[in-house]
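First listed ligand is number 1; within each ligand, the first listed atom is number 1. Values below: every heavy atom of this structure, side chains too, minus hydrogens, waters and symmetry copies.
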Amino acid sequence: MAEGFASAAERAAFIARLPKAELHLHIEGSLEPELMFGLAQRNGVAIPFASVEEVREAYAFSNLQDFLDIYYQGMRVLLTEQDFYELTAAYLARARGDNVRHVEIFFDPQGHTERGVSFSTVIAGITRALDEAREQHGLTSKLILCFLRHLSEADAEATLDAALPFVERIDGVGLDSSEVGHPPSKFERVFARARSLGLKLVAHAGEEGPPAYVEEALDLLKVDRIDHGNRSLEDPALVRRLAEAGVCLTVCPLSNLKLCVVDDMAAHPLRRMLEAGLAATVNSDDPSYFGGYVNANYQAVADALDLSRAELVALARNSFTGSFLEQNERDRHLAAIDAYA
Ligand SMILES: Nc1ncnc2[nH]cnc12
Ligand SMILES: [Zn+2]
């Protein structure tokens, strides 16, 4: 057992009560099969599954694209403001159960507007649940609009236009979907416009794509954080740069395993990232599809790598220092971690 824990059960209890932030969560990826079935029925949307068990059996992926095909199909049951509210409220309840104190949520508006669901419907449902969680439970949040990188930059520009009436409710923009063949450079102009609007910037990079995509995200998009970033480790100069600049990486262990970014959790690069001085964090990405929410991700990687108390505390601290919270809020959470640890 790692230093500081008498047993795996003691480490599990420590993780469960550790205050943490989640910085990489696609709200559409938290759609549990039970809710998918319920919404399909309520909205009269046909889905190609006969049971919840059949849905879960379909969640066997050999790469990112395999997953994305089923993820875009799943979100077709989301039609009304109430649907987006229920989806978001269900995730926030899970997050609270994992002692998550702050969340930064991605949403994919193009996955909805292309089906005729308006931007205002999506954002009204999500923000109603976020506001409720803040008022009732003190769970704070930021909202990040992701552009789908397999679509054109013109489509992303039109999406940013559609977001303008709601820009007060949006904290940042991101870049997700099929990575290889869709480098960050494709979105340089729309990210520059988002930056000029005062929005924070993040991008998925180095999940399946090469280290050069991480460099492009930094140099051309000028991102504040890198989502995933695993393949940065292939380039020692890039690792040094990320460490020196303190760039937060939002790492997603169960996602990496399910999408075959790593072959085995014991080979996960999280400890190597920490040892290299990278500001790595642990997140769930698409928890309904990948088999677990944030504590399950901490648990899986901690068990496989035998992470110590100090390493777990570092990961939780990184989740707040890498967040878009105001400094005094970050300090309040860091003090809570120190008091707990
Ligand atoms: N892990 C992931 N990578 C890229 N796009 C995504 N969309 C939802 N999850 C994603
Ligand atoms: Zn992601």
Exercise. Between the side chain of Glu153 and the main-chain N/O of Arg189, is any donor-acceptor distance below 3.5 Å?
Worked result: yes

Exercise. Considering only N, O or S atoms, which atom of His26 is nearest to the Zn ion (ligand 2)?
Worked result: NE2

Exercise. For ligand 1, does Tyr71 get within less than 4.0 Å through its side chain, its backbone, both, or neither, judged by non-hydrogen atoms?
Worked result: side chain

Exercise. Using heavy atoms and a threshold below 4.0 Å, how should the contact between Glu28 and ligand 1 be classified: side chain, backbone, both, or neither?
Worked result: neither

Exercise. Is the shortest distance from a Lys or Arg side-chain nitrogen in Glu32 or Arg56 to a carboxylate oxygen in the other one below 4.0 Å?
Worked result: yes

Problem set entry | Degrees at the Zn ion (ligand 2) between the OD1 atom of Asp285 and the NE2 atom of His24, nearest 10° | 80°

For this session: Determine whether more than 12 heavy atoms belonging to other residues, nucleotides or ligands lie under 6.0 Å from atom CZ of Arg17.
Result: no

Exercise. For atom 3 (N) of ligand 1, which protein heavy atom lies nearest, and how many Å away is it?
Worked result: Glu207 OE1, 2.7 Å

Problem set entry | Sidechain N-carboxylate O distance under 4.0 Å for Lys258, Asp66 | no

Exercise. Within the stated cut-off of 2.8 Å, is an N/O/S atom of Cys252 closer than that to the Zn ion (ligand 2)?
Worked result: no

Problem set entry | Taking atom 9 (N) of ligand 1 as the reference point, the nearest protein heavy atom with its distance | Asp286 OD2, 2.7 Å

Exercise. Can a donor-acceptor pair be found between the side chains of Gln136 and Arg96 at a distance below 3.5 Å?
Worked result: no

For this session: Around atom 1 (N) of ligand 1, find the nearest protein heavy atom and jot down its residue, atom name and distance.
Result: Asp285 OD2, 2.7 Å

Exercise. So does Gln41 have more than 12 non-hydrogen atoms from other groups sitting under 6.0 Å from CD?
Worked result: no

For this session: May I ask you to check whether Asn99 and Arg101 show a side-chain donor-acceptor distance below 3.5 Å?
Result: yes

Problem set entry | Residue, atom name and distance, where the atom is the protein heavy atom closest to atom 7 (N) of ligand 1 | His26 CE1, 3.5 Å

For this session: Would you please determine whether Phe67 falls within less than 4.0 Å of ligand 1 on a heavy-atom basis?
Result: yes

Problem set entry | Residue-ligand contact Asp227/ligand 1, heavy atom below 4.0 Å | no

Problem set entry | Identity and distance of the protein heavy atom lying nearest atom 5 (N) of ligand 1 | Ser177 N, 2.8 Å

Seminar exercise, completed: Under 4.0 Å between heavy atoms, the region of His228 that gets near ligand 1 turns out to be side chain

Exercise. Is the closest basic N to carboxylate O distance between Glu104 and Arg225 below 4.0 Å?
Worked result: yes

Exercise. Side-chain contact, heavy-atom cut-off 4.5 Å: Pro19 with His333?
Worked result: no

